[in-house]
A.B. asks: 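My questions all concern the structure below.
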Amino acid sequence: MWFFYTLIPCLLVDGVAILPAPQNLSVQSTNMKHLLTWSPVMVPGEIIYYFVEYQGEYESLYMSHVWIPSSWCSPTKGPECDITDDITATVPYNLRVRATQGSETSAWSTLKPPFNRNSTILTPPGMDVTKDGFHLVIKLEDLGSQFEFLVAYWRREPGAKEHVKVVRSRGIPVHLETMEPGAAYCVKVQTFVKAIGRHSPFSQPECVKVQGETLPLALALFGFVGFMLILVVVPLSIWKMGRLLRHSCCPVVVLPDTLKITNSPQKLISCRREEVEACATAMLSSEEPFRTWI
């Protein structure tokens with residue numbers, strides 16, 4: 001009988017079955033994501049549910065120590081609870097958990113010491129450094145709206161100046177600098193959370209290099225000569241084509257020499273008047289002897 005009762009996972013207190021309380025409460029917090037965990041209560045063949053409650057500074061001081069059920073874990077089946085949405089201020093939070101199975105309920109287990117989100121572990125974000133032509137581009141992991149990123153970048157050469165840029169966009173490629181051909185550039189980044197006033201360490205530098213982007217001198221010269229030829233040949237070809245089309249559609253008619261008028265009409269009329277007068281004078285001269293004879 002003694003062995004049988006040792007296998008019973010609950011105790012009888014005043015005729016009411018009491019489950020063992022969850023043990024080993026702890027909070028794992030990284031980059032402002034808070035996960036409360038505990039050791040599961042084992043009852044063979046039974047499903048155990050857990051209830052999680054929290055109490056912040058406001059509830060403790062101004063609401064008569066009221067406990068508020070967690071947003072996502074009242075109840076929950078697993079021995080863990082994401083309490084990120086419940087922790088909204090940088091103050092100590094009391095957390096407690098109890099187990100239930102049917103009408104059986106365990107006592108509350110309370111986290112010791114209380115949890116404060118300023119103890120979260122900050123890590124650098126995931127980073128993807130690429131080049132887009134001659135542009136140095138970085139894409140950072142989206143860690144949430146509370147995060148800013150301090151991006152340091154420099155040209156990899158002795159004595160190079162390090163530039164720092166604050167990036168607030170999340171998951172969107174950001175242009176850092178226009179790179180010079182043949183040069184290498186390095187980037188490192190750290191996170192900053194204003195709510196807790198803390199930075200993460202810098203990430204390991206990542207470097208990219210523009211290679212094979214510079215044109216050889218001969219190729220550049222050839223391209224310049226080709227460009228100048230295009231500037232000359234294209235307008236000349238257009239002019240020649242225009243003349244050809246004009247002569248094809250509207251040919252020029254050449255008059256015979258006999259139809260050409262070399263003098264102006266006024267001059268031609270004057271010339272004809274002189275010829276008529278000369279002719280009349282000649283005729284009068286020929287008539288004078290005839291009149292005398294008669």
Side-chain angles (χ1 to χ4, degrees), residues 24-38 52-63 65 67-73 76 78-97 109-130 136-154 156 160-177 185-208:
N24 303 319
L25 275 64
S26 64
V27 176
Q28 301 172 7
S29 180
T30 303
N31 290 333
M32 301 297 284
K33 304 294 183 183
H34 319 303
L35 186 67
L36 175 66
T37 62
W38 56 87
V52 178
E53 294 182 348
Y54 67 92
Q55 182 185 86
E57 186 178 69
Y58 180 80
E59 291 80 15
S60 177
L61 296 178
Y62 303 105
M63 298 182 65
H65 299 277
W67 288 86
I68 300 176
S70 174
S71 305
W72 304 102
C73 307
T76 182
E80 63 182 24
C81 176
D82 187 347
I83 57 173
T84 302
D85 293 340
D86 302 320
I87 309 300
T88 57
T90 310
V91 297
Y93 277 80
N94 295 314
L95 299 164
R96 66 181 187 179
V97 183
S109 290
T110 304
L111 177 70
K112 298 293 183 181
F115 171 71
N116 194 318
R117 68 181 184 179
N118 63 8
S119 63
T120 189
I121 298 173
L122 296 179
T123 63
M127 178 176 61
D128 185 19
V129 181
T130 58
L136 179 63
V137 179
I138 184 173
K139 184 178 181 181
L140 301 174
E141 178 186 4
D142 184 2
L143 295 179
S145 59
Q146 300 184 75
F147 285 78
E148 295 179 355
F149 306 103
L150 275 66
V151 180
Y153 58 97
W154 63 96
R156 192 173 63 185
K161 181 180 178 181
E162 186 176 282
H163 304 276
V164 177
K165 185 173 185 177
V166 177
V167 177
R168 294 181 176 85
S169 58
R170 306 181 302 275
I172 301 175
V174 177
H175 168 254
L176 294 180
E177 185 169 308
Y185 290 78
C186 298
V187 182
K188 63 182 180 179
V189 62
Q190 69 175 177
T191 58
F192 173 68
V193 182
K194 187 176 181 180
I196 61 176
R198 288 181 51 211
H199 294 83
S200 75
F202 270 105
S203 64
Q204 291 296 320
E206 293 187 24
C207 302
V208 294

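Here the structure is a predicted model, which is why all the values come from computation and not from measurement.
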A.B. asks: Quick check: do Phe147 and Pro125 have side-chain heavy atoms less than 4.5 Å from each other?
C.D. replies: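 Side chain of Phe147 against side chain of Pro125, heavy atoms only: no contact under 4.5 Å found.
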A.B. asks: Run Leu25 and Thr37 through side chain to side chain contact (heavy atoms under 4.5 Å, CB included) and show every step you take.
C.D. replies: CA-CA 6 Å; Leu25 275 64; Thr37 62; over 6 Å; no
A.B. asks: Around atom CD of Gln204, are there more than 12 heavy atoms of other residues, nucleotides or ligands at under 6.0 Å?
C.D. replies: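 No - once you tally the heavy atoms of other residues, nucleotides and ligands closer than 6.0 Å, there are 12 at most.
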A.B. asks: Quick one, Leu136 with Ile138, criterion side chain to side chain contact (heavy atoms under 4.5 Å, CB included). Give me CA distance, side-chain angles, the key distance, then yes/no.
C.D. replies: CA-CA 7 Å; Leu136 179 63; Ile138 184 173; over 6 Å; no
A.B. asks: More than 12 heavy atoms of other residues, nucleotides or ligands under 6.0 Å from NZ of Lys139: is that the case?
C.D. replies: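 It does not: Lys139 NZ has 12 such atoms or fewer within range.
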A.B. asks: NE2 of His199 to CZ of Phe192: how many Å apart, nearest 0.5 Å?
C.D. replies: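 Here the interatomic distance stands at 5.0 Å.
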A.B. asks: Answer with yes or no whether the side chains of Asn94 and Ser60 bring together a donor and an acceptor at under 3.5 Å.
C.D. replies: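 Their side chains do not contain a donor-acceptor pair, so the 3.5 Å distance test is not met.
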A.B. asks: Looking at side-chain heavy atoms only, is the closest gap between Lys165 and Val174 below 4.5 Å?
C.D. replies: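 Contact flag for Lys165/Val174 side chains = yes.
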A.B. asks: Under the rule for side-chain contact (heavy atoms from CB on, under 4.5 Å), what residues qualify as partners of Cys186, not counting sequence neighbours?
C.D. replies: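 By the side-chain contact (heavy atoms from CB on, under 4.5 Å) rule, Cys186 matches Trp154, Arg156, Cys207.
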A.B. asks: Can you measure from CH2 (Trp38) to OG (Ser26) and round to the nearest 0.5 angstrom?
C.D. replies: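 The OG atom of Ser26 is 10.0 Å from CH2 of Trp38, to the nearest 0.5 Å.
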A.B. asks: Under the criterion side chain to side chain donor-acceptor pair (under 3.5 Å), I'd like the reasoning laid out for Asn116 against Thr90: C-alpha separation, chi angles, the key distance, then a yes or no.
C.D. replies: CA-CA 6 Å; Asn116 194 318; Thr90 310; 5.2 Å; no
A.B. asks: To the nearest 0.5 Å, tell me how far Ile87 CD1 sits from Leu36 CG.
C.D. replies: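 Reported value, rounded in 0.5 Å steps: 9.0 Å.
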A.B. asks: Less than 4.5 Å apart, any side-chain heavy atom of Val189 and any of Val167?
C.D. replies: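 Sidechains of Val167 and Val189: no contact.
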A.B. asks: Kindly check if the number of other-residue, nucleotide or ligand heavy atoms within 6.0 Å of CD (Glu57) is above 12?
C.D. replies: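 No, the 6.0 Å shell around CD holds no more than 12 heavy atoms from other groups.
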A.B. asks: Do Met127 and Val129 have side chains that get closer than 4.5 Å, going by heavy atoms?
C.D. replies: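 They are in side-chain contact.
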A.B. asks: Hey, which of Thr84, Asp82, Asp86, Asp85 is the one that makes side-chain hydrogen bond (donor to acceptor under 3.5 Å, both in side chains) with Ser71?
C.D. replies: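 For Ser71, the side-chain hydrogen bond (donor to acceptor under 3.5 Å, both in side chains) test succeeds with only one of Thr84, Asp82, Asp86, Asp85, which is Asp86.
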A.B. asks: Can you name the ring pair (Phe, Tyr, Trp, His ring centres under 6.0 Å) partners of Tyr58, sequence neighbours left out?
C.D. replies: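 For Tyr58 the ring pair (Phe, Tyr, Trp, His ring centres under 6.0 Å) partners, ignoring immediate neighbours, are Tyr62.
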A.B. asks: Does Ile83 reach the side chain of His34, with side-chain heavy atoms less than 4.5 Å apart?
C.D. replies: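 Side-chain contact under 4.5 Å: yes.
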A.B. asks: Determine, step by step, whether Phe115 and Arg117 satisfy the side chain to side chain contact (heavy atoms under 4.5 Å, CB included) criterion, reporting the C-alpha distance in whole Å, the side-chain angles of both residues, the deciding distance to 0.1 Å, and the verdict.
C.D. replies: CA-CA 7 Å; Phe115 171 71; Arg117 68 181 184 179; 4.2 Å; yes
A.B. asks: Pair Val193, Met32 - check side chain to side chain contact (heavy atoms under 4.5 Å, CB included), show working.
C.D. replies: CA-CA 9 Å; Val193 182; Met32 301 297 284; 4.2 Å; yes
